[in-house]
Amino acid sequence: MPLSPSVLKALIATPAISPMAKSTPKLTKTALGWAAHDSSGKLTPFIFKRRENGVDDVTIKILYCGMCRTDVHFAKNDWGNTAYPIVPGYEITGIVIKVGSNVSNFKIGGRVGVGYVAASCLDCELCKSFQENYCDHMRPVYNSIHWDGSPTYGGYSTMLVADHRYVVHIPESLPMDRAAPLMGAGLTVYTAMKHSNLFESQGKHMAVIGLGGVGHMAIKFGKAFGHHVTVISTSPSKEKDAKEKLGADGFILSTDLKQMQRNRRSLDFVIDTVSAKHSLGPYLELLKVNGIISIVGEPAQPIEVPATPLIYGKKVIRGSIIGSVKEIQEMIYFCGEHNILCDIEVVSTDKINEAFDRLAKNDVKFRFVLNVAGHQSSKL
Ligand code: NAP
């Protein structure tokens with residue numbers, strides 16, 4: 001999810017022009033984080049300051065943070081726009097420990113979550129229509145500059161000060177560790193599917209390309225929405241889990257041309273979560289006429305799109321980035337009602353680099369979640 005270097009530079013130069021500028025800009029609160037300092041992506045303990053809790057803010061003691069492939073992309077500067085030091089992490093759950101005087105919807109002790117968006121202009125058409133994740137002035141929760149001029153640092157840390165307009169409630173029924181990746185992986189597929197009308201309709205044939213952190217949630221939402229769900233994967237070893245553990249109806253090994261051929265023109269909708277360079281050509285062949293492919297994976301290199309399978313089937317390619325705060329809350333309540341949770345492996349902070357390496361090697365079932373609360377210095 002890159003901000004270009006020029007945008008970052010402009011952000012740094014932007015005067016505090018939004019309502020959020022009223023938040024206290026003083027950097028007084030000490031936090032412990034895990035930061036990458038160069039493109040090796042190696043994470044080391046990092047003490048830094050966060051802003052004082054402003055009138056619109058809540059301070060959150062972070063319990064858990066999901067480890068998304070996005071964090072690896074940023075830590076290793078895959079997109080060429082990383083501003084070091086970087087504290088990754090945007091799938092955050094925790095407990096409110098302080099509330100500002102303007103905040104009435106959160107209380108101390110409340111169970112909350114924070115996703116990718118830390119701030120937006122609150123004034124444009126997109127912000128006013130609950131699409132602030134597409135606001136031109138959207139500020140991510142890390143690798144960005146907050147309205148007060150301070151760098152944003154993410155959830156691989158003990159504490160976060162967040163504007164309450166970008167915070168959601170987590171119901172008691174959802175465990176905080178397994179709920180953390182809902183803030184990113186869950187939200188990403190939920191909104192991509194919703195905006196392609198998979199929420200209202202039922203019985204569609206859909207597929208997910210890539211059975212990783214984001215991909216495994218597409219099976220869960222796909223089944224909850226009432227669809228026939230197929231996994232398209234490069235890893236034969238994932239078939240058993242896909243079908244028996246996660247509930248997929250079908251499995252296509254994308255490296256097996258016969259299997260791909262057999263499934264030609266069989267799908268109404270495909271969600272592409274692949275994090276590496278690839279061509280859409282073989283996947284476009286799997287779509288029916290008028291079928292939709294929604295891109296959510298973000299490889300560093302451009303995705304190849306051959307014209308022939310696209311135009312000979314009136315096929316649609318669209319993209320989607322995370323979701324709005326309203327959609328996060330809606331999704332979280334939906335998960336509470338339907339008992340939808342992420343399949344995770346909890347990682348202690350001393351194993352953070354091991355988890356990062358395994359994530360880069362496609363060795364995780366299906367999301368690592370950093371146990372920040374378990375860190376001995378988490379009182380910081
Ligand atoms: P992940 O856990 O590493 O999963 C990615 C999956 O892609 C892998 O498990 C693998 O699945 C498949 N894959 C990897 N290399 C491949 C290749 N060369 N060809 C085909 N498939 C390949 O990563 P993630 O956390 O799910 O994130 C996936 C991507 O989505 C990342 O680029 C991330 O930055 C992006 N993302 C976007 C949004 C958004 O809002 N748009 C939100 C979150 C993440 P198989 O083994 O099954 O093939």
Side-chain angles (χ1 to χ4, degrees), residues 1-2 65-76 78-79 81-82 88-91 115-117 133-134 138 140-143 154 180-195 207-220 230-243 246 248 251-256 260 270-283 294-304 318-324 327-328 331 342-345 355-369:
M1 292 170 236
C65 187
M67 299 178 75
C68 181
R69 192 70 171 73
T70 298
D71 301 339
V72 180
H73 285 307
F74 270 123
K76 298 195 168 184
D78 283 354
W79 294 317
N81 66 338
T82 301
Y90 74 102
E91 297 181 336
Y116 190 65
V117 180
N133 47 316
Y134 293 102
M138 188 268 282
V141 76
Y142 70 83
N143 199 47
L182 291 175
M183 306 301 301
L187 177 69
T188 298
V189 293
Y190 178 88
T191 55
M193 290 165 68
K194 192 177 137 186
H195 296 304
V208 54
I209 316 174
L211 189 53
V214 175
H216 91 290
M217 293 310 298
I219 305 177
K220 299 194 180 205
T230 297
V231 171
I232 306 171
S233 172
T234 57
S235 308
S237 62
K238 292 184 183 174
E239 179 166 4
K240 196 170 186 301
D241 276 344
K243 288 181 173 166
L246 301 169
F251 187 92
I252 302 173
L253 187 62
S254 54
T255 49
D256 181 334
M260 293 291 277
V270 169
I271 184 160
D272 179 354
T273 76
V274 174
S275 54
K277 185 176 192 298
H278 63 294
S279 167
L280 285 193
Y283 306 113
S294 181
I295 311 286
V296 297
E298 195 176 349
Q301 306 83 358
I303 294 173
E304 279 174 35
R318 65 162 51 120
S320 188
I321 185 86
I322 36 130
S324 66
E327 286 168 323
I328 306 179
M331 174 219 45
C342 306
D343 284 34
I344 61 165
E345 195 177 316
F356 238 42
D357 290 346
R358 283 182 54 200
L359 180 53
K361 286 185 208 142
N362 193 11
D363 175 23
V364 51
K365 286 181 178 172
F366 285 92
R367 186 60 118 206
F368 289 120
V369 170

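Both ligands and their constituent atoms are indexed starting at 1 by order of listing. Along the sequence shown, the residues carry numbers beginning at 1. Quick note: numbers below take in every heavy atom, side chains included, and nothing from hydrogens, waters or symmetry partners.
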Residue-level breakdown please: for His278 versus ligand 1, do any non-hydrogen atoms fall below 4.0 Å on the side chain, on the backbone, on both, or on neither? neither

According to side-chain hydrogen bond (donor to acceptor under 3.5 Å, both in side chains), who are the partners of Lys277, at least two apart in sequence or on a separate chain? none

Using only atom types and a distance under 3.5 Å, with no angle test, would you say the side chain of His195 pairs donor to acceptor with the backbone of Ser320? no

Against heavy atoms of Val296, which atoms of ligand 1 measure under 4.0 Å? 30 (O), 35 (C), 36 (N), 37 (C), 38 (C), 39 (C), 41 (N)

Looking only at distances, please establish whether an N/O atom of ligand 1 is found under 3.5 Å from an N/O atom of Ser235. yes

Which word best sums up how the rings of Phe366 and His216 line up, parallel for under 30°, tilted for 30 to 60°, or perpendicular for over 60°? parallel

Using distance alone, decide if ligand 1 has a nitrogen or oxygen within less than 3.5 Å of any nitrogen or oxygen in Arg367. yes

Ile321, portion touching ligand 1 at heavy-atom distance under 4.0 Å: both

Checking contacts here: is it the side chain or the backbone of Ser254 that comes within 4.0 Å of ligand 1, counting heavy atoms only? Could be both or neither. neither

Any donor-acceptor pair under 3.5 Å linking the side chain of Thr255 with the backbone of Thr234? no

Are any of the N/O atoms in Val274 less than 3.5 Å from those in ligand 1? no

Can you tell me if Gly184 contacts ligand 1 (heavy atom of the residue under 4.0 Å from the ligand)? no

Could you tell me whether some N/O pair between Gly213 and ligand 1 is separated by less than 3.5 angstrom? yes

